[in-house]
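I have placed the structure first, in the form of structure tokens, so that the comments after it can refer back to it.
First listed ligand is number 1; within each ligand, the first listed atom is number 1. It should be emphasised that the depicted structure is a prediction, and the values quoted were computed from it without experimental measurement. For the single chain, residues carry numbers from 1 onward in sequence order.
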Amino acid sequence: MENRIHGKTKVCGLVGNPIEHTLSPMIHNQLAKKTGTDLVYVPFLVQSEGLYNAINGAFELNITGLNVTVPYKNQVIQYLQEVDDIARAIGAVNTLVRTKGGYMGYNTDMEGLFRGMISDGIRIKGETVIILGAGGAAKAAAYLCVREQASKVYLLNRNVERAIVLADSMNYAFKTDIVFPMLLNDYDKIPEEHCLAIQATSVGLSPNCESAVIEDKDFYKKIHTGLDIIYNPEVTKFMKLVNMSGGKSYNGLKMLLYQGIIAYEHWNQVQIDEATASWLYELISEELKNHE
Ligand code: ATR
């Protein structure tokens, strides 16, 4: 499409605050170019008190789809025509798809995390999983781990009340009792020795690259694989600690990539193949390096 905008060009975008450093425009505009789709994706900076007007205005402006990011993934739910069951159970919507009377909300973070893990060869089934955090990202991770039949999920959070609420809601949603909430500092009470860890707190995010939510090297002895939801820096302190104790580590860039791809698939009713996903992964990796 060579960046030409026509009368029929589909418009999609991102709603959040802040959004200055987002990679989503690159993901979607490159996908549109690659697949020859007449679509343009733009960032929209929205203030909290303007969210209702922004969503309704977007609908009136015939915008095809929106991504929703921090801090609106929960707040946006009340303004939607319909919400997909999974997004409702997770309590967070990051993708809006235009329907007849309003937008339908989905959560592509969870499926994005899953497709990223498949691509990296990380298994969930039968694993003991330690999730660090109980915020939005941790919710998507917890839902995925229970759905994909982890044998046990420890949910560790600084504010243990949040971990308890999340563990209860996951156990309730799946009619199970495998999710155990814990205080973050009680990590040394986990009896299992070979665990998959998912780092879903904001600790270690650039520019605070020298911190990890758990610094104790003994903790990492039990982690055979560590996945950090953070992708900037490329190698987080958490990942370094996993590597130092002999485990394998991965960052969150594939989750970001696939949540975008799944949103794009919703908006365009297409399937993006793995060759295109790998090509795009290289592009966004390069872009991130240039930003550093
Ligand atoms: P997100 O949607 O990105 O997950 P969030 O909902 O604000 O963001 O959650 C951030 C997570 O990082 C929470 O689990 C938070 O712990 P609390 O619930 O106890 O606040 C965690 N977090 C942030 N800073 C932290 C710190 N310095 N130490 C430990 N955990 C921290």
Side-chain angles (χ1 to χ4, degrees), residues 14-24 46 48 51 67-77 86-95 105-114 116 129-145 153-170 179-190 197-216 219-220 223 226-233 236-239 241 251-260 263:
L14 172 69
V15 165
N17 185 10
I19 46 160
E20 286 75 13
H21 299 290
T22 176
L23 288 170
S24 291
V46 173
S48 176
L51 185 62
N67 282 137
V68 180
T69 188
V70 174
Y72 303 133
K73 290 184 187 186
N74 180 269
Q75 196 185 330
V76 75
I77 290 176
I86 293 174
R88 197 171 285 288
I90 295 171
V93 159
N94 77 319
T95 299
Y106 294 91
N107 184 304
T108 72
D109 287 329
M110 191 274 297
E111 289 299 349
L113 176 62
F114 189 37
V129 188
I130 300 173
I131 296 175
L132 304 174
K139 284 182 186 169
Y143 186 97
L144 177 64
C145 290
V153 178
Y154 291 102
L155 254 181
L156 275 60
N157 202 45
R158 177 178 61 178
N159 173 347
V160 75
E161 292 304 321
R162 285 184 92 188
I164 293 170
V165 170
L166 177 54
D168 283 352
S169 78
M170 289 301 131
V179 187
F180 298 88
M182 282 175 83
L183 185 64
L184 182 65
N185 286 340
D186 285 345
Y187 61 81
D188 55 351
K189 299 199 173 99
I190 295 173
I198 301 178
Q199 197 305 109
T201 76
S202 46
V203 183
L205 186 62
S206 178
N208 301 311
C209 307
E210 287 316 309
S211 45
V213 68
I214 297 175
E215 303 264 1
D216 181 356
F219 168 73
Y220 293 90
I223 307 302
L227 168 60
D228 202 326
I229 299 286
I230 294 172
Y231 54 82
N232 187 15
T236 63
K237 176 82 183 292
F238 167 83
M239 291 167 66
L241 287 162
N251 69 20
L253 196 59
K254 286 207 173 155
M255 176 182 179
L256 176 82
L257 169 78
Y258 283 104
Q259 65 73 33

Any side-chain donor-acceptor pair under 3.5 Å between Ser24 and Asn67?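 Their side chains do not contain a donor-acceptor pair, so the 3.5 Å distance test is not met.
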Gap between atom OG1 of Thr236 and atom CD1 of Ile230 - 0.5 Å precision: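 Going from the CD1 atom of Ile230 to the OG1 atom of Thr236 covers 6.5 Å.
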Nearest-0.5 Å distance that lies between atom NZ in Lys139 and atom CZ in Arg162: 6.5 Å
Set out, in order, the CA-CA distance, both residues' side-chain angles and the distance that settles side chain to side chain contact (heavy atoms under 4.5 Å, CB included) for Leu184 and Leu132, then state yes or no. CA-CA 8 Å; Leu184 182 65; Leu132 304 174; 4.2 Å; yes
Heavy-atom closest pair, residues Ala141 and Ile131: C-CD1, 3.8 Å
My understanding is that only residues two or more places apart in sequence, or in another chain, count here; which of them pass side-chain hydrogen bond (donor to acceptor under 3.5 Å, both in side chains) with Lys254?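 Ser119, Asp120.
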Can you give me a line-by-line list of nitrogen or oxygen pairs between ligand 1 and the protein shorter than 3.5 Å?
| unit_1 | atom_1 | unit_2 | atom_2 | d |
| --- | --- | --- | --- | --- |
| ligand 1 | 2 (O) | Gly136 | N | 3.2 |
| ligand 1 | 4 (O) | Gly136 | N | 3.0 |
| ligand 1 | 4 (O) | Ala137 | N | 3.2 |
| ligand 1 | 6 (O) | Gly136 | N | 3.3 |
| ligand 1 | 6 (O) | Arg162 | NH2 | 3.3 |
| ligand 1 | 12 (O) | Ser202 | N | 3.3 |
| ligand 1 | 14 (O) | Ala134 | N | 3.0 |
| ligand 1 | 14 (O) | Asn157 | OD1 | 2.7 |
| ligand 1 | 16 (O) | Asn157 | OD1 | 3.3 |
| ligand 1 | 18 (O) | Asn157 | ND2 | 2.8 |
| ligand 1 | 18 (O) | Arg162 | NH1 | 2.8 |
| ligand 1 | 19 (O) | Asn157 | ND2 | 3.4 |
| ligand 1 | 19 (O) | Arg158 | NE | 3.2 |
| ligand 1 | 19 (O) | Asn159 | N | 2.9 |
| ligand 1 | 20 (O) | Arg158 | NH2 | 2.8 |
| ligand 1 | 27 (N) | Arg158 | NH1 | 3.3 |

